[in-house]
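Reading through the structure tokens given below for one structure.
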Amino acid sequence: MSLPFTLEQFFMVFARYNESVWPMQVALTAAALVSVALLFSSRVWASRVISFLMALLWAWMAVAYHFAFFSSINPAAWLFGAVFLLGSLAFAWFGVVRTDLIFRPVLGVRGIAGATLIVFALILYPAIGYLVGHRYPSAPTFGLPCPTTIFTLGLLLFAAHPMPRWVLIVPILWAAVGSLAAFQLGVLEDLALLVAGVVAIVLMVLWPAPSQRIRIESADA
């Protein structure tokens, strides 16, 4: 599969995006940190706020990156953006409106994997990029699809059973699409997308999270 853009054009889009939206990168990272902090909250509304923030992140990637910038070098960005909006709607519907998406701290293999993906997305991803020569502003920052997808998959590993599977579809799809592009372009840090996708699927099948529904309902009462 040949890409309709060069590696240089790819990183130039990042530069244009980063220079245009600054300081939104700080706000987007802050939203991620708030989401992580709310994992440990006993407040009934905490999971709803996490889902709201995730819906905002995925809508931001659709509009502010795919539609506004990536579409200038890749016509498929219009399709990508539409799919990302569906991902945003999934978080909004299942997590904010229906409150079917409940987050809680998880121990064991699932919790360790989730925490590792979150730390990778927020800290190790930009660090690896810096080490291989991807310097700001021509570097993917948090709030762009690849690091945010890794973060999302890590966060979803803290979702209580039963988790609405619809919220997983778009992150997994982008993990697959982004991985193919990473291999072709040689973007080392984006190769973690493949790992994140496989880890998320395997752990959600083999290590289902304990149910949180009973405690949440009793807290509402």
Side-chain angles (χ1 to χ4, degrees), residues 28 31-32 34-63 66 79-118 121 143 145-179 193-221:
L28 297 171
V34 170
S35 297
V36 173
L38 288 175
L39 286 175
F40 303 93
S41 173
S42 60
R43 301 289 185 179
V44 176
W45 45 261
S47 290
R48 182 174 288 176
V49 173
I50 293 174
S51 294
F52 175 74
L53 292 174
M54 296 309 299
L56 285 181
L57 278 171
W58 282 82
W60 170 266
M61 291 186 289
V63 177
H66 282 305
L79 174 61
F80 296 155
V83 172
F84 272 50
L85 284 178
L86 291 177
S88 174
L89 288 174
F91 276 106
W93 177 251
F94 291 105
V96 180
V97 178
R98 291 176 54 92
T99 65
D100 290 335
L101 187 56
I102 304 299
F103 295 93
R104 64 181 294 261
V106 178
L107 300 176
V109 175
R110 188 172 173 130
I112 293 172
T116 300
L117 291 180
I118 289 172
C146 293
T148 310
T149 297
I150 296 170
F151 175 85
T152 301
L153 291 171
L155 197 66
L156 287 174
L157 287 175
F158 292 94
H161 179 79
M163 184 191 77
R165 300 299 182 185
W166 290 103
V167 300
L168 186 61
I169 291 177
V170 176
I172 289 295
L173 284 176
W174 189 255
V177 171
S179 296
L193 278 168
L194 178 60
V195 177
V198 171
V199 166
I201 292 174
V202 169
L203 291 184
M204 287 179 185
V205 171
L206 298 182
W207 280 277
S211 176
Q212 184 75 347
R213 180 60 57 194
I214 294 176
R215 192 179 76 83
I216 293 295
E217 290 177 349
S218 62
D220 284 333

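This one's a predicted model, so the numbers in the text were calculated from it and none came from an experiment.
- Rounding to the nearest 0.5 Å places CD1 of Ile112 at 8.5 Å from CG of Leu107.
- For the pair Leu39 and Pro105, the tightest heavy-atom approach, listed with the atom from each and the gap, is O-CD, 3.0 Å.
- More than 12 heavy atoms of other residues, nucleotides or ligands sit less than 6.0 Å from atom CG of Leu206.
- With hydrogens and angles ignored, the 3.5 Å screen pairs a side-chain donor or acceptor of Arg110 with a backbone N or O of Leu157.
- Contact of the Phe103 side chain with the Leu156 side chain is registered, since non-hydrogen atoms from C-beta on lie closer than 4.5 Å.
- Here the CG-SG distance, from Leu193 to Cys146, works out to 4.5 Å after rounding to the nearest 0.5 Å.
- With values rounded to the nearest 0.5 angstrom, Trp93 atom CH2 is found 11.0 Å from Thr99 atom OG1.
- Screening Leu101, Leu155, Val167 for a side chain to side chain contact (heavy atoms under 4.5 Å, CB included) with Met54, the sole residue that qualifies is Leu155.
- Gly143 approaches Leu28 most closely through the heavy-atom pair CA-CD1, 3.7 Å.
- Among residues two or more places apart in sequence or in another chain, the side chain to side chain donor-acceptor pair (under 3.5 Å) test is passed with Trp174 by none.
- Considering only heavy atoms from C-beta on, Thr116 stays 4.5 Å or farther from Val199 through its side chain.
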Stepwise side-chain contact (heavy atoms from CB on, under 4.5 Å) check, Phe91 with Leu56: CA-CA 9 Å; Phe91 276 106; Leu56 285 181; over 6 Å; no

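- Rounded to the nearest 0.5 Å, atoms CE (Met163) and CZ (Phe94) are 10.5 Å apart.
- For the pair Pro147 and Ala121, the tightest heavy-atom approach, listed with the atom from each and the gap, is O-CB, 3.3 Å.
- Going from atom CH2 of Trp166 over to atom CG of Asp100 covers 14.0 Å, rounded to the nearest 0.5 Å.
- Not one N or O on the side chain of Ser47 forms a donor-acceptor pair closer than 3.5 Å with the backbone of Ile102.
- Sorted by first then second residue, the side-chain hydrogen bond (donor to acceptor under 3.5 Å, both in side chains) pairs that include residues 148-158, not counting sequence neighbours, are Trp58-Thr152.
- Side-chain contact between Phe80 and Leu173: absent, with no pair of heavy atoms (C-beta onward) separated by less than 4.5 Å.
- Nearest heavy-atom pair across Ala46 and Leu38 is CB-O, 3.7 Å.
- Between Ala92 and Ala55, the closest heavy-atom pair is N-CB, 4.0 Å.
- For Trp60, the side chain to side chain donor-acceptor pair (under 3.5 Å) partners two or more places apart in sequence, or in a different chain, are Tyr17.
- Checking each of Ile169, Val170, Val177 against Val83 for a side chain to side chain contact (heavy atoms under 4.5 Å, CB included) leaves exactly one that passes, namely Val170.
- Considering every non-hydrogen atom in both Val36 and Phe151, the closest pair reads CG2-CE1, 3.8 Å.
- Counting only heavy atoms from C-beta outward, the side chains of Pro145 and His66 approach each other to under 4.5 Å.
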